Amino acid sequence: PLPLRTELSRLEIQRYSRQLVLPETGVRGQLRLSACSVLVVGCGGLGCPLAQYLAAAGVGRLGLVDHDVVELSNLHRQVLHRESRLGTSKARSAAAALREINSAVQCVPYELALGRDTALQLVRAYDVVADCSDNVPTRYLVNDACVLAGKPLVSASALRLEGQLAVYGYRGGPCYRCLFPKPPPPETVTNCADGGVLGVVPGILGSLQALEVLKIATGMGTSFHQAMLIFDALEGRFRHIKLRPRNPDCAVCGDNPSVTALQDYEQFCGSSATDKCRMLCLL
Amino acid sequence: PLPLRTELSRLEIQRYSRQLVLPETGVRGQLRLSACSVLVVGCGGLGCPLAQYLAAAGVGRLGLVDHDVVELSNLHRQVLHRESRLGTSKARSAAAALREINSAVQCVPYELALGRDTALQLVRAYDVVADCSDNVPTRYLVNDACVLAGKPLVSASALRLEGQLAVYGYRGGPCYRCLFPKPPPPETVTNCADGGVLGVVPGILGSLQALEVLKIATGMGTSFHQAMLIFDALEGRFRHIKLRPRNPDCAVCGDNPSVTALQDYEQFCGSSATDKCRMLCLL
Amino acid sequence: MAAPLSIQLEFGGGAELLFDGIRKHQVTLPSQPEPWDIRSLLAWIKENLLKERPELFVQGDTVRPGILVLINEADWELMGELDYQLQDQDNVVFISTLHGG
Amino acid sequence: MAAPLSIQLEFGGGAELLFDGIRKHQVTLPSQPEPWDIRSLLAWIKENLLKERPELFVQGDTVRPGILVLINEADWELMGELDYQLQDQDNVVFISTLHGG
Ligand SMILES: [Zn+2]
Ligand SMILES: [Zn+2]
């Protein structure tokens with residue numbers, strides 16, 4: 001964990017002055033932010049704007065997880081990456097871009113696909129986790145790791161012209177499994193390659209996700225720990241949905257959990273976390 | 001105006017593949033986008049994410065207006081700028097960052113404060129205008145120029161933990177003056193320096209603004225031409241407000257307008273468009 | 001006898017693709033001996049609105065995993081799930097969970 | 001005589017700073033000979049809620065330029081502006097226009 005400092009430097013006061021004058025943040029919130037570490041799972045359409053605003057705001061450390069390399073079809077929405085970084089690691093491309101915005105933020109790239117053997121250790125090393133992934137097995141994996149490690153999970157997703165956002169496992173609220181105890185049948189799951197996505201839709205969701213991370217990190221708290229935000233870009237409408245409470249019978253966060261260690265999530269979901277074949281077929 | 005091409009190159013198909021599979025965009029929408037030019041008034045907290053997503057999506061030309069230089073206190077929200085560009089022109093800093101994302105987009109920096117002598121000519125040269133400015137005189141100036149030139153205006157604003165978005169002068173809807181015929185008393189106006197702003201709030205609003213520009217440019221149309229979106233970041237709540245229709249007695253877009261040429265907006269509003277004194281006092 | 005009910009159904013997150021891409025359906029549920037609940041609504045949807053591949057929407061007598069049901073803007077679990085008795089003018093939303101990023 | 005009305009007032013966009021920073025006020029308007037309209041509501045707010053510098057909120061008998069009034073989520077111009085007659089449980093929002101970027 002990062003040390004909680006007791007004062008800001010002159011340059012920090014200048015850099016963050018517009019946040020410091022906000023009573024909701026103030027010097028105290030800024031110091032908390034600089035002591036906070038956030039694990040960003042996925043440096044794609046959600047992870048890019050999220051990490052961008054967290055770095056700009058002065059989060060202490062950002063862990064950037066992505067096993068993939070930058071491709072041309074990413075650039076319409078993954079705004080930290082550049083033409084000059086095509087073919088390089090997304091985690092490293094993101095870290096490089098973030099350092100140019102704010103060199104004081106520790107950006108740690110992890111060039112790996114989060115798995116049952118790596119997830120728990122990594123999640124334990126951070127204060128807040130942002131799920132910016134793009135597949136079902138990773139969403140269950142990250143959820144279970146966050147429950148087991150006791151970390152709040154800020155989760156967003158986007159597809160076509162829609163987006164969803166919720167915070168799981170925070171202040172006694174439900175976890176992802178409380179809402180979705182069974183994974184969806186694989187044939188009902190659409191990814192961004194098949195279904196497409198308008199790039200700014202994950203941009204909006206990733207920014208909203210960053211806001212909730214910042215609210216948690218500074219101590220403002222979140223309004224989505226038992227609620228979901230649902231966005232319809234075509235109509236420009238947001239729905240604010242009240243969700244069920246934590247399920248005492250939940251397999252992972254319940255009172256007598258059956259899941260006490262990470263599982264094989266690809267088998268559980270019947271799909272792969274790193275499947276690219278359908279994406280390649282399209283081109 | 002940019003030429004409307006009839007087909008996409010192989011590289012464009014690859015780059016924009018995730019948008020092309022959307023029925024709402026498709027090849028036709030992408031071609032329209034590449035023939036569309038957008039004037040971005042202000043390369044700050046709203047203009048940065050807006051221009052970022054418009055460039056990534058493949059808008060044909062972006063005009064980037066800002067008279068200011070990059071300062072350290074900008075970097076917490078103005079995500080196109082970098083530590084290495086402190087002291088350089090914001091319009092040029094933004095253009096350079098955008099070219100790295102998408103070199104096919106024509107980025108034209110205008111290092112000037114939009115005034116009554118420059119605004120109309122500039123607005124006439126673009127298809128859609130995004131008001132990302134930060135002061136009252138510029139908001140009236142841009143509105144009047146858009147009405148006189150017959151261009152749709154996508155307008156957003158952000159302060160503290162709140163944001164607002166609307167589209168003016170589009171498909172018979174109201175203009176900014178229809179809503180606000182009289183400027184607010186100068187002593188009631190707070191800017192980001194005085195009031196502060198959490199950086200990701202203009203990030204969310206600028207991204208939503210980019211979405212509406214993209215919907216207009218591709219032909220999906222907007223849901224905000226007689227409506228306003230109001231965002232409260234602390235509660236995570238969006239309000240979707242139905243607005244009044246165009247006012248036939250409006251001074252600029254009414255049936256017998258009294259404003260038929262641009263005015264002195266600093267005098268009209270009793271405040272300056274480029275005032276930085278209060279900002280300097282804070283530091 | 002339950003009187004006929006006029007309700008609004010909405011599908012989103014991709015679930016609308018099972019209904020010709022139409023998101024909003026204003027429907028009238030006919031008079032029937034039992035009160036209308038979500039269980040009988042699902043059977044009615046399967047019979048009257050679902051064109052093909054019903055297993056992508058219903059499994060057994062409930063919705064398939066990964067679809068969230070909202071009754072008047074609240075998670076259906078807060079409302080009694082399958083047993084919730086529909087009221088006239090209710091709004092019921094079926095939304096597929098998204099996983100993309 | 002108009003019966004007492006219970007309404008919700010909200011202030012935003014900075015207007016809340018004139019009301020001790022409190023955004024939501026559940027208020028009861030007392031019984032009075034005339035029906036309650038927005039005009040009389042503004043006078044009541046000035047008398048009962050506004051602590052200081054009323055000119056930053058009301059000017060003459062209306063709100064100052066730059067404040068948008070919303071009655072039940074719609075622009076007050078659509079509802080009759082100052083002449084709108086308040087109903088029990090109405091929601092009235094006063095929101096300052098933002099100009100920052
Ligand atoms: Zn759970
Ligand atoms: Zn007008």
Side-chain angles (χ1 to χ4, degrees), chain A residues 41-48 50 77-78 131-139 156-160 162-164 174 176 178-185 187-197 201-202 205-206 226-228 230 232 234-235 239-245 247 269 271, chain C residues 8-26 38 42 45-46 50-84 90-101:
Chain A
V41 181
C43 299
L46 296 163
C48 282
L50 171 111
R77 69 186 190 282
Q78 304 185 14
D131 188 347
C132 305
S133 71
D134 62 355
N135 64 83
V136 185
T138 304
R139 296 208 174 255
S157 57
L159 187 71
R160 290 184 282 257
E162 294 179 79
Q164 297 169 356
Y176 187 73
C178 291
L179 249 74
F180 306 107
K182 288 186 205 165
E187 67 272 23
T188 65
V189 176
T190 312
N191 60 23
C192 289
D194 288 343
V197 62
V201 175
L205 271 293
Q226 199 181 321
M228 185 182 281
I230 299 182
D232 175 340
L234 201 57
E235 289 208 31
R239 273 174 205 273
H240 198 285
I241 299 300
K242 192 171 171 347
L243 292 181
R244 66 195 71 174
N247 177 6
C269 301
S271 61
Chain C
Q8 177 163 272
L9 300 177
E10 288 185 64
F11 303 94
E16 74 282 7
L17 300 174
L18 298 168
F19 300 88
D20 288 333
I22 299 169
R23 292 174 170 271
K24 292 188 186 176
H25 300 248
Q26 201 65 48
I38 300 287
L42 286 174
I45 289 174
K46 194 169 162 183
L50 257 175
K51 296 298 153 59
E52 40 180 341
R53 308 197 65 187
E55 74 281 8
L56 299 186
F57 187 71
V58 285
Q59 291 192 357
D61 72 345
T62 189
V63 292
R64 64 124 173 113
I67 290 185
L68 198 61
V69 185
L70 312 172
I71 301 170
N72 300 328
E73 308 284 296
D75 184 353
W76 71 330
E77 253 219 26
L78 299 167
M79 312 289 281
E81 282 192 82
L82 290 167
D83 297 324
Y84 172 78
D90 270 353
N91 176 268
V92 184
V93 181
F94 298 90
I95 200 144
S96 287
T97 333
L98 305 176
H99 307 94

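Chain identifiers are assigned alphabetically (A, B, ...) following the order of the sequence lines, protein sequences preceding nucleic acid strands; residue numbering begins at 1 within each chain. Quick note: numbers below take in every heavy atom, side chains included, and nothing from hydrogens, waters or symmetry partners. Everything quoted here is computed from the prediction, not taken from an experiment.
Your options are A:Pro202, A:Gly42, A:Pro185, A:Cys48, and the one with the most heavy-atom pairs under 4.5 Å with chain C is A:Pro185. Listed options C:Glu55, C:Gln59, C:Arg23, C:Met79 were ranked by heavy-atom pairs under 4.5 angstrom with chain A; first place goes to C:Arg23. Put simply, of C:Ala15, C:Gly100, C:Gly66, the one with the most heavy-atom pairs under 4.5 Å next to chain A is C:Gly100. Annotation: maximal heavy-atom pairing with chain C below 4.5 Å, among A:Leu159, A:Ile241, A:Ile230, A:Asn135, occurs at A:Ile241. Top candidate by heavy-atom pairs under 4.5 Å with chain C, chosen from A:Leu179, A:Leu46, A:Leu243, is A:Leu243.
Between C:Glu73 and A:Lys242 no salt bridge is recorded (no basic side-chain N to carboxylate O distance below 4.0 Å).
In this structure, C:Leu78 and A:Pro245 approach most closely via the heavy-atom pair CD2-CD, 3.7 Å. Among all heavy-atom pairs drawn from C:Pro65 and A:Pro183, the shortest one is CB-O, 3.4 Å.
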>> What verdict does the salt bridge (Lys or Arg N to Asp or Glu O under 4.0 Å) test give for A:Glu187 and C:Arg64, after you've listed the backbone C-alpha separation in whole Å, the side-chain angles of each residue and the deciding distance to 0.1 Å?
In response: CA-CA 12 Å; A:Glu187 67 272 23; C:Arg64 64 124 173 113; over 6 Å; no
>> Would A:Gln164 and C:Ile95 count as a side-chain contact (heavy atoms from CB on, under 4.5 Å) here? Give the steps.
In response: CA-CA 10 Å; A:Gln164 297 169 356; C:Ile95 200 144; 3.9 Å; yes
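Proximity to chain C is absent for every atom of A:Asp131, based on heavy atoms less than 4.5 angstrom apart. For C:Thr97, the parts lying near chain A are the backbone and the side chain together; criterion is any non-hydrogen pair under 4.5 Å. With a 4.5 angstrom heavy-atom cutoff, C:Leu18 does not touch chain A via any of its atoms. Both the backbone and the side chain of A:Thr188 come within contact range of chain C, with heavy atoms under 4.5 Å apart. Of the atoms belonging to A:Leu205, not a single heavy atom falls under 4.5 Å from chain C. For a residue to count as touching a neighbouring chain, one of its non-hydrogen atoms must lie under 4.5 Å from one of that chain's; by this rule A:Val136 touches chain C with backbone and side chain alike.
Distance alone, capped at 3.5 Å, is enough to place a donor-acceptor pair between the C:Asp75 side chain and the A:Arg244 backbone. Side-chain atoms of A:Glu162 come within 3.5 Å of backbone N or O of C:Gly13 as a donor-acceptor pair.
A side-chain contact (heavy atoms from CB on, under 4.5 Å) with C:His99 is found for one member of A:Pro137, A:Pro184, A:Cys269 and no other, namely A:Pro184.
Taking CG from C:Leu70 and CE from A:Met228, the interatomic distance works out to 8.5 Å, rounded to the nearest 0.5 Å.
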